[in-house]
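For reference, the structure discussed in these notes is given below.
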Amino acid sequence: MSPGSLVAGAHAAQVWAIVPAAGRGQRFGGAMPKQYVDVAGRPLIAHALHALLSHPAVCGAVVALAADDAWWPGWSSMDGKPLLRVDGADSRAGSVLAALGALPEQVRADDFVLVHDAARPNLGHADLGALLERGRGDPVGAILAAPVRDTLKRAGDDGGIDGTEPRERLWRALTPQLFRRLQLTRALEAAREAGVEVTDEAMAMERQGMRPLLVEGDEDNFKITTTSDLARFEFLLARRTLHGENG
Ligand SMILES: Nc1ccn([C@@H]2O[C@H](COP(=O)(O)OP(=O)(O)OP(=O)(O)O)[C@@H](O)[C@H]2O)c(=O)n1
Ligand SMILES: C[C@](O)(CO)[C@H](O)COP(=O)(O)O
């Protein structure tokens with residue numbers, strides 16, 4: 001089925017996803033970018049893409065890859081949905097902007113799009129469904145996030161504690177983040193023109209005076225940043241398999 005026909009049906013109740021995957025994984029280290037490290041027989045990026053594309057409300061994805069990415073398996077679809085590739089940029093925000101520009105033209109300016117890190121392989125359908133339901137009802141959009149549950153310390157140059165930061169109403173931003181195509185594009189472009197490197201899509205929207213909704217998500221939807229995160233994901237996958245939960 002061509003992306004166009006899938007997208008034609010997308011206007012009814014489906015959204016496209018954007019997956020920034022052009023990073024180098026420097027904090028992870030290793031010979032290959034972390035998004036291609038094998039976990040349970042498939043690359044990490046495949047777990048993140050499957051989590052999105054196996055959900056009935058997602059109709060396709062645009063993946064932003066490094067221009068010199070030699071690891072991408074060349075998939076053009078997954079779970080029966082189209083998978084489009086675009087060259088990313090030297091920042092996550094730039095990669096997201098590139099992918100926004102590569103969405104099929106049938107994705108309208110006011111259509112919602114999801115942005116999800118390739119480095120977050122453990123997104124659950126319950127969280128994705130909650131984000132879509134709550135976010136599409138919001139005038140701006142929404143993000144998955146988790147309340148801070150630890151005491152936060154500010155470190156001094158000498159490694160000692162300079163102080164304790166109040167944690168009331170502090171949340172950790174996760175992904176996916178859900179915004180309208182044109183609003184997000186304009187917000188990211190404005191941040192770029194101002195020379196501000198936004199670390200997530202919500203920050204770009206906030207700079208425009210908008211207040212995206214926080215939707216509480218599962219702590220298990222963590223980002224694979226270092227090798228210890230990978231071990232945690234492998235454990236969760238093994239537990240899911242043991243309990244017969246679908247992968
Ligand atoms: N120029 C960039 C940088 C990051 N990303 C993507 O944004 C997501 C979150 O970024 P992060 O976890 O920081 O990945 P890396 O940038 O690869 O990690 P590092 O900072 O350790 O190099 C990842 O899926 C990464 O591939 C991207 O698409 N383009
Ligand atoms: C988008 C994000 O995952 C939300 O927490 C985070 O900002 C990505 O940061 P990174 O340094 O690009 O991994």
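A quick note: this is a predicted structure, and the numbers were derived from the prediction, not measured. Indexing begins at 1, ligand by ligand and atom by atom, following the structure's order.
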task: Start with the C-alpha distance between Asp220 and Arg239, add both sets of side-chain angles, then the distance that settles salt bridge (charged side-chain N to carboxylate O under 4.0 Å, His left out), and finish with yes or no.
output: CA-CA 12 Å; Asp220 285 347; Arg239 189 182 67 180; 3.6 Å; yes
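- Of the possible donor and acceptor atoms, none in the side chain of Arg180 sits under 3.5 Å from a partner among the backbone N and O of Gly141.
- Between Tyr36 and Trp72, the angle of the ring planes goes over 60°, which puts this pair in the perpendicular group of the 30/60° scheme.
- Between Arg192 and Leu97, the shortest heavy-atom distance links the atoms NH1-CD1, 3.5 Å.
- Nearest heavy atoms, Gln106 versus Asp111: O-OD2, 4.0 Å.
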Which pairs of nitrogen or oxygen atoms, taken one from ligand 2 and one from the protein, are under 3.5 angstrom apart?
unit_1: ligand 2; atom_1: 3 (O); unit_2: Asp117; atom_2: OD2; d: 2.6
unit_1: ligand 2; atom_1: 3 (O); unit_2: Arg120; atom_2: NH2; d: 2.9
unit_1: ligand 2; atom_1: 5 (O); unit_2: Arg120; atom_2: NH2; d: 3.3
unit_1: ligand 2; atom_1: 5 (O); unit_2: Ala173; atom_2: O; d: 2.6
unit_1: ligand 2; atom_1: 7 (O); unit_2: Thr199; atom_2: O; d: 2.7
unit_1: ligand 2; atom_1: 11 (O); unit_2: Arg27; atom_2: NH2; d: 3.1
unit_1: ligand 2; atom_1: 13 (O); unit_2: Arg27; atom_2: NH2; d: 3.3
unit_1: ligand 2; atom_1: 13 (O); unit_2: Lys223; atom_2: NZ; d: 2.7

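- Through side-chain heavy atoms spaced under 4.5 Å, either directly or across other Ile, Leu, Val, Met, Phe, Trp or Tyr residues, Leu152 is tied to Val148, Leu170.
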Report all N/O contacts between ligand 1 and the protein shorter than 3.5 Å as a table of atom names and distances to 0.1 Å; if there are none, say 'none'.
unit_1: ligand 1; atom_1: 1 (N); unit_2: Ala89; atom_2: O; d: 2.9
unit_1: ligand 1; atom_1: 1 (N); unit_2: Ser91; atom_2: N; d: 3.2
unit_1: ligand 1; atom_1: 1 (N); unit_2: Ser91; atom_2: O; d: 3.4
unit_1: ligand 1; atom_1: 12 (O); unit_2: Lys34; atom_2: NZ; d: 2.8
unit_1: ligand 1; atom_1: 12 (O); unit_2: Lys223; atom_2: NZ; d: 3.2
unit_1: ligand 1; atom_1: 13 (O); unit_2: Arg27; atom_2: NH2; d: 2.7
unit_1: ligand 1; atom_1: 14 (O); unit_2: Lys34; atom_2: NZ; d: 3.3
unit_1: ligand 1; atom_1: 17 (O); unit_2: Arg24; atom_2: N; d: 3.2
unit_1: ligand 1; atom_1: 17 (O); unit_2: Gly25; atom_2: N; d: 2.7
unit_1: ligand 1; atom_1: 20 (O); unit_2: Arg27; atom_2: NE; d: 3.2
unit_1: ligand 1; atom_1: 20 (O); unit_2: Arg27; atom_2: NH2; d: 3.0
unit_1: ligand 1; atom_1: 21 (O); unit_2: Gln26; atom_2: N; d: 3.3
unit_1: ligand 1; atom_1: 21 (O); unit_2: Arg27; atom_2: N; d: 2.8
unit_1: ligand 1; atom_1: 21 (O); unit_2: Arg27; atom_2: NE; d: 2.9
unit_1: ligand 1; atom_1: 22 (O); unit_2: Gly25; atom_2: N; d: 3.3
unit_1: ligand 1; atom_1: 22 (O); unit_2: Gln26; atom_2: N; d: 2.8
unit_1: ligand 1; atom_1: 24 (O); unit_2: Pro20; atom_2: O; d: 2.8
unit_1: ligand 1; atom_1: 24 (O); unit_2: Ala118; atom_2: N; d: 3.3
unit_1: ligand 1; atom_1: 24 (O); unit_2: Ala119; atom_2: N; d: 3.4
unit_1: ligand 1; atom_1: 26 (O); unit_2: Ala22; atom_2: N; d: 3.4
unit_1: ligand 1; atom_1: 26 (O); unit_2: Gly23; atom_2: N; d: 3.0
unit_1: ligand 1; atom_1: 28 (O); unit_2: Ala21; atom_2: N; d: 3.1
unit_1: ligand 1; atom_1: 28 (O); unit_2: Ala22; atom_2: N; d: 2.9
unit_1: ligand 1; atom_1: 28 (O); unit_2: Ser95; atom_2: OG; d: 3.4
unit_1: ligand 1; atom_1: 29 (N); unit_2: Ser95; atom_2: OG; d: 2.8

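- The side-chain hydrogen bond (donor to acceptor under 3.5 Å, both in side chains) test applied to Glu165 returns Arg154, not counting sequence neighbours.
- Side-chain atoms of Glu206 do not come within 3.5 Å of backbone N or O of Arg211 as any donor-acceptor pair.
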message: Before you tell me yes or no, could you show the steps for Asn122 and His47 under side chain to side chain donor-acceptor pair (under 3.5 Å), namely the whole-Å CA-CA distance, both residues' side-chain angles and the distance that decides it to 0.1 Å?
response: CA-CA 7 Å; Asn122 209 38; His47 292 275; over 6 Å; no
